[in-house]
Amino acid sequence: MAISGRDLIRGMNQYAPPHLAVEKDPIGLQVGKPDAEVNGILVTLDVNEEVVDEAIQQGTNWIVAHHPVIYHPLKALRTDHPTGRMFGKLLKHEINVFVAHTNLDATFDGVNDVLAEKLQLEEIQVLIPSQYEKLKKLVVFVPETHRDSVFEAIGNAGAGWIGNYSHCTFQTSGIGTFVPMKGTNPYLGKQNELEKVNEIRIETVIQEANQKQVIEAMLEAHPYEEVAYDIYPLELKGKEQGFGRIGRLHKAMTLKELAEKVKLAYQISGLHSVGDLNQSVQTVAILGGSGGSFIKNAAQMGADVYITGDIGYHTAQDADALGLAILDPGHHVEHLVVERVCEQLKKRLQASIPILASQIDTNPFRFV
């Protein structure tokens, strides 16, 4: 089944909703056009010329990246310079680039959940809460003949998520009545005659952020000229959302033992540490990428150790003064989310197109 870029973008926005991103974060479609057919998808942490060459070789005309390919405004596109040459290849080969950055950090099953999962943390919570999901109730009335098609359409569009369960609905049967008046083109019945139809009431929960796409999918799948549906606000709070995660190891271990566990879990050969390597740690805070500005949050949440990247000299001193141990495995460990993004896209798109994890190591640092 052929899919367009809009299908891909819709799937990624369901997985990593744009409203989770920090203000002015450059996310979304950065190169290309949304209507371009998707022949294949290459998922990567970064986009550089090697990754673009890989996409060309693999025949994938869409790249989904975590780090923006355009972060600062471009002042020139000279193709005799590395950056301009890379963009030249993207445009020449009609390769589209979509970015999920801080929204992928904050979303459920995103960067920080993957990092916490790799360390087998328990009792995981959001480290830096920013908001709760806003939830609504959707109720739609469907003729029995189209129950399954409408149910699948709204579920695939993102309705019915409760925790880690999808397609959650409650359905009841009843009789729908209507009189098609002059100027109508009814799917069932005749003009000026009362029609009675066996209908199904489908009710489900939707995220406010997904409301537009769910309604569009419902209207497209529904056979009626005029669809009867209701949307109710809910007082219930959805999942807490935000950046970083904090949880507990199954049992306490020394900072040195945890460092070895991190190296193995995150597939790295070395890391920086702050604190006594013989001290006992159990409560672990994690923030993928650059998290040095949040050491106080980690300390206030009761973390024994904070795992994050790009820690500077003075930040390390501040953490030491707070009694907070730090393990810095580097920024590049975020690459561990690439496989999870592939899994999410395969599940959400349900299309027979290649969805590949990039094999290019874009980490500029090496331990020697």
Side-chain angles (χ1 to χ4, degrees), residues 1 3-4 6-21 28 34 100 103 106-110 130-180 184-189 195-242 344-345 347-351:
M1 178 185 71
I3 64 171
S4 76
R6 294 190 186 278
D7 298 314
L8 167 56
I9 291 169
R10 184 183 301 113
M12 280 300 301
N13 286 346
Q14 290 170 9
Y15 170 38
H19 72 272
L20 294 181
N103 48 329
T107 196
F108 172 75
D109 210 28
S130 59
Q131 58 187 290
Y132 288 89
E133 286 180 328
K134 292 183 179 180
L135 302 178
K136 294 186 178 182
K137 174 66 70 69
L138 168 66
V139 177
V140 58
F141 300 88
V142 187
E144 286 183 339
T145 54
H146 287 71
R147 168 176 36 193
D148 290 344
S149 58
V150 172
F151 163 72
E152 290 174 5
I154 61 176
N156 292 341
W161 279 89
I162 300 177
N164 202 26
Y165 292 82
S166 70
H167 294 75
C168 300
T169 67
F170 186 78
Q171 303 181 17
T172 52
S173 59
I175 303 296
T177 67
F178 52 86
V179 176
T184 60
N185 182 28
Y187 173 75
L188 294 171
E195 182 71 21
K196 296 181 179 180
V197 184
N198 292 326
E199 292 186 336
I200 304 298
R201 171 190 169 110
I202 302 176
E203 52 185 289
T204 188
V205 65
I206 60 175
Q207 300 171 17
E208 185 178 68
N210 286 344
Q211 178 176 324
K212 182 175 183 292
Q213 62 199 34
V214 170
I215 298 304
E216 289 176 350
M218 177 194 73
L219 294 176
E220 185 176 347
H222 204 293
Y224 285 178
E225 188 176 32
E226 297 290 345
V227 179
Y229 69 95
D230 303 308
I231 297 176
Y232 305 103
L234 296 178
E235 293 295 326
L236 295 171
K237 289 183 178 179
K239 295 194 296 286
E240 189 176 55
Q241 298 171 315
Q344 285 281 348
L345 283 172
K347 178 175 69 175
R348 293 174 185 276
L349 297 181
Q350 295 289 306

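Basis for what follows: all heavy atoms, side chains included, without hydrogens, waters or symmetry-related copies.
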Any donor and acceptor pair, going by atom type alone, linking the side chain of Asp230 with main-chain N or O of Val139 inside 3.5 Å?
-> no
- Which is it for Ile154 and Ile202 under the side-chain contact (heavy atoms from CB on, under 4.5 Å) test, yes or no, and what are the steps along the way? CA-CA 10 Å; Ile154 61 176; Ile202 302 176; 4.2 Å; yes
Value for CG (Asn210) from CD (Glu208), rounded to nearest 0.5 Å, stands at 10.5 Å
Heavy-atom nearest pair, Thr204 first then Ala159, reads CG2-CB, 4.0 Å
Discussion item. I'd like to know whether Gln350 forms a side-chain contact (heavy atoms from CB on, under 4.5 Å) with Asn156, so could you lay out the CA-CA distance, the side-chain angles of the two residues, the decisive distance to 0.1 Å, and finally the verdict.
Written reply: CA-CA 10 Å; Gln350 295 289 306; Asn156 292 341; 6.0 Å; no
Nearest heavy-atom contact between Ala16 and Ala100 is CB-CB, 4.4 Å
Nearest heavy-atom approach of Pro223 to Pro143 is CG-CG, 3.7 Å
Correct closest heavy-atom pair for Gly158 and Trp161 would be O-CD1, 3.2 Å
Distance col, row Gln241:CD vs Phe108:CZ, nearest 0.5 angstrom, shows 11.5 Å
Backbone N/O of Asp109 and side chain of Tyr15: donor-acceptor pair under 3.5 Å: yes
On a heavy-atom basis, the closest approach of Pro17 and Gln207 is CG-OE1, 4.4 Å
Salt bridge (charged side-chain N to carboxylate O under 4.0 Å, His left out) pairs touching residues 147-165, sequence neighbours excluded, are none
| query | Is Asp7 reaching over with its side chain to a backbone N or O of Ser4, donor-acceptor style, under 3.5 angstrom? | reply | yes
Margin query: Whether the side chain of Glu199 engages the backbone of Phe141 through a donor-acceptor N/O pair (distance < 3.5 Å, no angle test) should be reported.
Written below: no
Practice task
Indicate yes or no: at least one non-hydrogen side-chain atom of Gln211 is less than 4.5 angstrom from one of Leu138.
Solution key: no
OG (Ser130) and CD (Glu240) are apart, to the nearest 0.5 Å, by 8.5 Å
(request) Answer yes or no: does atom CD of Glu220 have more than 12 heavy-atom neighbours from other residues, nucleotides or ligands under 6.0 Å? (result) no
Shortest non-hydrogen pair, Ile162 vs Cys168, comes out as CD1-CB, 3.8 Å
Where the side chain of His222 meets the backbone of Ala228, is there a donor-acceptor pair that is under 3.5 Å apart?
no
Worksheet entry | Thr177 side-chain N/O to Lys196 backbone N/O, donor-acceptor pair under 3.5 Å | no
Those residues at least two apart in sequence (or on a different chain) that pass salt bridge (charged side-chain N to carboxylate O under 4.0 Å, His left out) with Glu133 are Lys239
Would you say the side chain of Ile215 lies within less than 4.5 Å of the side chain of Met218, judging by non-hydrogen atoms? yes
Residues passing the ring pair (Phe, Tyr, Trp, His ring centres under 6.0 Å) test with His167, sequence neighbours excluded, are Phe151
- Side chain to side chain, His19 and Lys134, heavy atoms closer than 4.5 Å: no
So the salt bridge (charged side-chain N to carboxylate O under 4.0 Å, His left out) pairs with at least one residue in residues 209-218 (sequence neighbours excluded) are Lys212-Glu216
For Tyr229, the ring pair (Phe, Tyr, Trp, His ring centres under 6.0 Å) test, sequence neighbours excluded, returns none
Interatomic distance, CD@Glu195 vs CG@Leu188, rounded to 0.5 Å, equals 6.0 Å
Determine yes or no for a side-chain-to-main-chain donor-acceptor pair under 3.5 angstrom, with Gln14 supplying the side chain and Ala157 the backbone.
yes
Residue set satisfying salt bridge (charged side-chain N to carboxylate O under 4.0 Å, His left out) with Lys137, at least two apart, ordered chain then number -> Glu203
Practice task
Would you sort out whether Asn103 and Thr107 count as a side-chain contact (heavy atoms from CB on, under 4.5 Å), showing the intermediate values?
Solution key: CA-CA 6 Å; Asn103 48 329; Thr107 196; 6.0 Å; no
### Task
Check whether any side-chain heavy atom of Asn198 sits under 4.5 Å from a side-chain heavy atom of Ile175, and report yes or no.
yes
Indicate the ring-plane relationship of Tyr187 and Tyr224, choosing parallel, tilted or perpendicular according to the 30° and 60° boundaries. tilted
